[in-house]
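As structure tokens, the structure follows; a few thoughts come after it.
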Amino acid sequence: MPELPEVEVTRRGIAPHLVGRAIAAVAVREPRLRWPVPRAVGALAGRRVRAVRRRGKYLLLDCGDGHLILHLGMSGSLRLVDEGSAPGKHDHLDIAIGRQVLRLRDPRRFGAVLWTTRPPEEHPLIRHLGVEPLSRALDGRRLHALTRGCRVRVKPFLMDARRIVGVGNIYASESLYLAGIDPRRAAGRLSAADCARLAAAIKRTLRTAIRAGGSSLRDFVGSDGAPGYFQRRAWVYGRAGEKCRRCGTAVRKIVQGQRATYFCPHCQR
Ligand SMILES: [Zn+2]
């Protein structure tokens, strides 16, 4: 599933090809995505893309009088292809800009293509999203405030998009390892110092993943799953029974909220 780093890599990859350019044509080959693609999307030709922003895992194409909201769902990817390149079976949407086509491929069709003329931050899908982990808004102080009174364990806390948006399963385990925090601790019991380390660890983990995805920026953007380079170099994720890279203790795997959590019982307290 594309996570925040993949979506950010996608944004950085496509933005230079879209911003300032006019949409020549839009082809909606399959409108039955997670929600029906609105008719307005098919009528975007002539509008100029002013900016490509991201909120959580949503990409927002600012078209002046409205925003195209894109979500990659479980299996979606966005790719820039040359005009005239034949679409495949799962290529559901094309946005032609200049001599290129921004093409959405989504085999499982859990992705979304929506249009809003209201401020996108007020959209029902976006309104309730929590703080952006890579923004300045998330620091130790903010994290400490967010966790007060929370009995939920810190790992599922990090993955709750209403609190902090876009920290997926892999990144939650990796961040807690870097911060030296046991994933089973109650979020509300973290100290101010714990929260300062954890906020920094979240940013470091996500930035590392974005950098790892950067090598694929040129013509292919977006992917299924985490960037392979990052997974191979994970501190704990997917390494149950293997030696902790710092202390040699066997990495443990537990299940929290039906998701696998990996941690080092020696390094994380
Ligand atoms: Zn260790």
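Source: prediction; values computed, not measured. Read the numbers this way: they start at 1 and go in the same order the structure lists the ligands and their atoms.
Within the model, atoms CG of Leu18 and CG of Leu80 stand 6.0 Å from one another, a figure rounded to the nearest 0.5 Å.
One finds an angle of 100° at the Zn ion (ligand 1) between SG on Cys264 and SG on Cys247, to the nearest 10 degrees. Rounded to 10°, the angle formed at the Zn ion (ligand 1) by Cys244 SG and Cys267 SG is 110°.
Looking at Arg50, Arg55, Arg53 one by one, the single match for salt bridge (Lys or Arg N to Asp or Glu O under 4.0 Å) with Asp62 turns out to be Arg53.
Not one N, O or S atom of His266 sits under 2.8 Å from the Zn ion (ligand 1).
Counting heavy-atom neighbours within 6.0 Å of Lys203 NZ, excluding the residue itself, gives a total above 12.
A salt bridge links Arg103 to Asp94: one of the charged nitrogens lies within less than 4.0 Å of a carboxylate oxygen.
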